[in-house]
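Ligands are counted one by one from 1 in listed order, and the atoms in each one are counted from 1 as well. Not measured: the values here are computed from a predicted model.
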Amino acid sequence: MKIYKFGGASVKDSTNVKNVCNVLQTVGYNNSLIIASAMGKTTNALESVTHNYFYNKEAIETSIQEVKDFHYTIINELFENETHPIYVSIQNLFEKLSAFLNNNKSPNYNFVYDQIVSYGELLSTTILHYYLLDCNIVNIWADARDLIKTNTTYRDAIVDWESTEKSIQERITTNQLYISQGFIGSDPNGFSTTLGREGSDYTAAIFGNILNAESVTIWKDVPGVLNADPRYFEDTILLEHISYQEAIELAFYGASVIHPKTLQPLQQKEIPLYVKSFLSPELEGTEVSKGATLQPQVPCYIVKKNQLLISLATKDFSFIMEENISDIFKLFHQFNIKVSVIQNSAISFSVCAEDKFNHFQELRGLLSSQFKMSYNENVSLYTIRHFEFEGLEKILGDKTLLLKQVNRETMQMVTKE
Ligand code: ADP
Ligand code: ASP
Ligand code: MG
């Protein structure tokens, strides 16, 4: 079986949905499973619905209407006949969403978030399912909540591999074309969960692993994995073939073209991952596969914006030892703040971290009661794999360098504009 994952950009409007047919016709679609994300920026729009549900009730109807308008524009462009079954299916989904909003009693933000935000993927895959049928591409719509089983860590759910494997094996058979949702799953009580923002690549890898797929292909708006994000760097170079290890490092450091959790389930079973352009499906793109010696021949540049740089020093001039460090890390973990660089000296300790869930103010209070603390918000973290010393000034430009760390393969710099 082959797994194809279509991300938000590849289904962001009716032209791109039509293009999905073209991609499938070019590469073939027998015995395949399609995973799709929410269309365009729908997840952000549904995040606003969730926010309004809790904090701005008057705005909730307008924010739901935006999601409806966006999808109905696409549907009207794809399906001319007003009696097409798509209209009933989409109406049903919006009715279920409204019913949830009217009946929910849970004050748990993350739980409510998952119940609302999961509609993005349900809507997109319903549209794709019917559109592909209209293109004579027979396919079965599968609800990922019946397949991907997780715990109850809403917004960042952890996959229960055993029950996921059981459900997938019960429901997915070979020699069909399936379409299912990325990013979403369900908890043991059947409530929707999500796997973390941008998690659809990871869903594709979970299916790939459990179904022992021949390959997983993620369709992107770039020609493949490049040596830098073309949004921030000029003259990027396509990496045609990289090892799992290289890809995992690039993704971990923030090359957002592949979600970092995607590689491990594929590497485990040596399933190749292709990263290809949905605009030029005939091109090779990037192959990520086994081959420990595969290494890009060029430096790779990764930038993560909107990071935090936090420096802590002991108040009594004592050393920062293992005990302090483990206490500090417990707090980072507790507040779900992800640390990407660590540097320490005798009495001080610095980390560059990302506060996706806006918990820094709470953490700050706790840390500053124990340590002398200084911090910078909104800094950028540059990581250069296989760095060369020439060219570094160009990256730095007139930015201020706050922290630098170099090891054999990788240089990291935290900078302020
Ligand atoms: P989707 O959500 O549609 O699956 P993403 O937007 O998450 O796709 O990923 C594609 C984007 O990743 C590109 O548009 C590009 O800006 C960005 N990107 C970041 N780093 C890289 C890289 N090293 N190579 C290619 N694209 C990259
Ligand atoms: N729709 C989700 C998001 O935007 C998941 C994904 O696109 O991968 O984060
Ligand atoms: Mg995405």
Side-chain angles (χ1 to χ4, degrees), residues 3-13 16-17 19-20 23 34-48 50 67 113-114 116-125 144 148 155-157 180-185 192-206 216-240 242 246-262 273-279 285-286 288 296 298-305 356 381-386:
I3 315 287
Y4 295 130
K5 181 258 171 172
F6 289 91
S10 68
V11 290
K12 72 173 196 286
D13 54 26
N16 279 11
V17 173
N19 181 60
V20 172
V23 171
I34 297 171
I35 296 299
S37 306
M39 296 174 142
K41 302 273 175 245
T42 300
T43 305
N44 294 2
L46 290 166
E47 283 187 339
S48 301
T50 314
V67 178
Y113 175 106
D114 280 1
I116 296 176
V117 163
S118 49
Y119 278 91
E121 271 67 14
L122 296 171
L123 289 162
S124 70
T125 51
I148 304 287
R155 285 181 83 175
D156 205 10
S180 191
Q181 304 79 41
F183 179 55
I184 72 173
S192 301
T193 54
T194 63
L195 305 177
R197 287 297 310 260
E198 303 297 328
S200 294
D201 291 351
Y202 179 42
T203 303
I206 299 168
V216 172
T217 305
I218 52 180
W219 297 99
K220 300 277 169 172
D221 60 357
V222 282
V225 180
L226 305 166
N227 75 322
D229 186 340
R231 281 177 302 177
Y232 307 120
F233 294 85
E234 288 165 5
D235 304 325
T236 51
I237 299 164
L238 176 71
L239 308 178
E240 288 170 7
I242 51 176
E246 186 62 34
I248 215 164
E249 296 283 356
L250 291 173
F252 169 81
Y253 286 121
S256 58
V257 64
I258 308 176
H259 187 281
K261 282 185 169 174
T262 312
L273 171 71
Y274 297 100
V275 183
K276 295 182 41 144
S277 159
F278 59 76
L279 294 170
T286 298
V288 181
V298 288
C300 297
Y301 302 90
I302 302 153
V303 56
K304 274 178 138 180
K305 304 246 171 185
K356 275 197 189 151
L381 170 63
Y382 286 85
T383 303
I384 309 152
R385 298 264 305 152
H386 319 296

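Contacts with ligand 1 closer than 4.0 Å are made by heavy atoms of both the backbone and the side chain of V257. With a heavy-atom cut-off of 4.0 Å, E121 touches ligand 2 through its side chain alone.
Between the choices D201, T236, L226, the shortest heavy-atom distance to atom 23 (N) of ligand 1 belongs to L226.
Under 4.0 Å is where a charged nitrogen must lie from a carboxylate oxygen, and between E47 and R197 at least one such pair does.
Among all protein heavy atoms, the one lying closest to atom 5 (P) of ligand 1 is K220 NZ, 4.0 Å. Of the protein's non-hydrogen atoms, S200 OG, 3.3 Å is the one closest to atom 6 (C) of ligand 2.
Closer than 2.8 Å to the Mg ion (ligand 3) sit the protein N, O or S atoms E198 OE1.
Residue-to-ligand polar distances place E198 within reach of ligand 2: an N/O pair is separated by less than 3.5 Å.
Of all the atoms in ligand 1, the ones that sit under 4.0 Å from a non-hydrogen atom of K5 are 4 (O). Within the listing of ligand 1, atoms 10 (C), 11 (C), 13 (C), 14 (O) sit less than 4.0 angstrom from a heavy atom of D221. Of all atoms in ligand 1, numbered sequentially from 1 with element shown, those under 4.0 Å from a heavy atom of G7 are 1 (P), 3 (O), 4 (O). In summary, the atoms of ligand 1 found under 4.0 Å from a heavy atom of E198, numbered by their order in the structure, are 2 (O), 7 (O).
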